[in-house]
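Remarks on the structure that follows.
One-based numbering, in listed order, for ligands and for the atoms of each. Index from 1, following the sequence.
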Amino acid sequence: MLKQTPIAELSSVADRGFVRVRLAPSPTGTLHIGTARTAVFNWLFARHQGGRFLLRIEDTDRERSRPEFTANILDGLRWLGLDWDDEPVIQSERIEAHRNAIRQLLDQGLAYRCYASEDELASMREHQQANHQAPRYDNRHRQLSIEQVQAYTAEGREAVIRFRIDDNATITWNDLIRGPMQWAGSDLGGDMVIARRAPADRIGDPLYNLVVVVDDVFMAISHVIRGEDHIANTAKQLLLYQALGVTAPQFAHTPLILNQEGKKLSKRDGVTSISDFKDLGYTQAALVNYMTLLGWSPPEGMGERFGLEEAARVFDFDRVNKAGARFDWDKLNWLNGQVLHELPPSELRQQLLPLWQAEGWAGDGPTADPDWQSNLCTLLGPSLTKLVDGVGQATAFFLTPSPDDQALAQLAQPGAAAGLAAVLERIPADELTAPMAQQILAEATTAAGIKKGLLMKSLRAALLGSLQGPDLAESWLLLHRSGADRPRLVEALAAAPSP
Ligand code: GLU
């Protein structure tokens, strides 16, 4: 268990040179590509600095948080290879610490109860709208007299707790990605709610900005690395650090991930969960490599294909772009192809086997032989873009294909049947080697009196049911080993029009 440290006792660890970063996902959905990319940058920075990468599950939204989403997030991070240090902190278990911080702010007069009802707030906003003013809380309950408070409580009104925001404040920080940042207190929407509405003698559920500050202090976070959609929160949070008397961490706001139209990538764009990418056949190595490139440029000479460890050696914020990063499917596909092409056949086999087994293939007979399967991977590997392509392209090796139209037309060519019959006669009962296959083709060409090209195309049509596909001789050797070449030729000859 983590020891709870009273907030005032903690000073910033940033000054002491320890790097401690965190990912703080809310378990209200599956692991999103944006959160995963934030995780990648946090991980790279922590590992580069020899620091720690921590997790905090922000499950305070009780209605929308679900344990299965936490499981999906942790599984996704693990699958991506983003290992974290220590047990994840569970935010909902820290509610007393959050309430204590609110009590401290109330005691110091830096926060107060606001009794304004929802209706009153709604009419305040309508009024602002009618006057073309930006909607904001007008701080109306900041200075209530004792009598007013008594009157509201006597009415039985509930209250939220608000943190005072000085409209004259200027909030500045040096963002490690975006450089000097400045916010006016008057642009923060008035005094901020830090605890939900509750009976006036209680402290309601503490809210995001307060809770994040208290927990980041508790976890001694030195650098907060998160999406640029949190910039306005950072301004509010810096005021809370100040009010609580603790030094704030440093901040780095990463660029957003954009879709093809240049808008923030969202659920509407279809595939956004790490588990979706996995199901589509993207490998861990390609996805994590691609996410590293989403907003970060590797140093000259490093190329674009690298592993996490390699990136961690050189990662810094100077090479993170400020502009949004457009999601580029072509690049992801290219990287995925590179990863698959580099995999040793035995490893590709490990990855493909579950997919083949899901089709009911590779379970028994000659196609269950690991060596045969690895050879199939040697043959198919160079043409794969996604792992699932290794299912489609392997079909003709596990199941007898029905020839497509082009293949049927090929098999009907004059001389095709004679050539195939000449091949069939020469297929050995036992092992077929590459030189033997070449010799059979040469002999059959002469015996049937046809061109070699015609024979090759016809043999491909008969064996694979298509005129496209991997190397013919290698395919034939594999089909011979699984005992499929002979019956396929017999079948093709039986179907061929009689000469
Ligand atoms: N739970 C917040 C989110 O998922 C965390 C934001 C932060 O990193 O402070 O957006």
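Of the protein's non-hydrogen atoms, A24 O, 3.2 Å is the one closest to atom 5 (C) of ligand 1. The shortest contact between atom 10 (O) of ligand 1 and any protein heavy atom is with H230 NE2, 3.0 Å. Closest protein heavy atom to atom 8 (O) of ligand 1: R22 NH1, 2.7 Å. Protein heavy atom in closest approach to atom 6 (C) of ligand 1: Y208 OH, 3.2 Å.
The shortest N/O to N/O separation between V212 and ligand 1 does not fall below 3.5 Å.
When the options T234, T35, T254, N233 are evaluated for a side-chain hydrogen bond (donor to acceptor under 3.5 Å, both in side chains) with R226, the one that passes is T234.
Counting only heavy atoms from C-beta outward, the side chains of R47 and D83 approach each other to under 4.5 Å. Side-chain contact between K278 and L287 is absent, with no heavy atoms from C-beta onward closer than 4.5 Å.
Residues W296 and F315 bring their aromatic ring centres within 6.0 Å.
Taking a cut-off of under 4.0 Å to the non-hydrogen atoms of R226, the atoms of ligand 1 that pass are 7 (C), 8 (O), 9 (O).
Checking R56, E58, H32 against atom 1 (N) of ligand 1, the nearest heavy atom belongs to E58.
Heavy-atom contacts from other residues, nucleotides or ligands closer than 6.0 Å to NE2 of H127 number 12 or fewer. Enclosure of atom CG in D107 by more than 12 non-hydrogen atoms of other residues, nucleotides or ligands within 6.0 angstrom is indicated.
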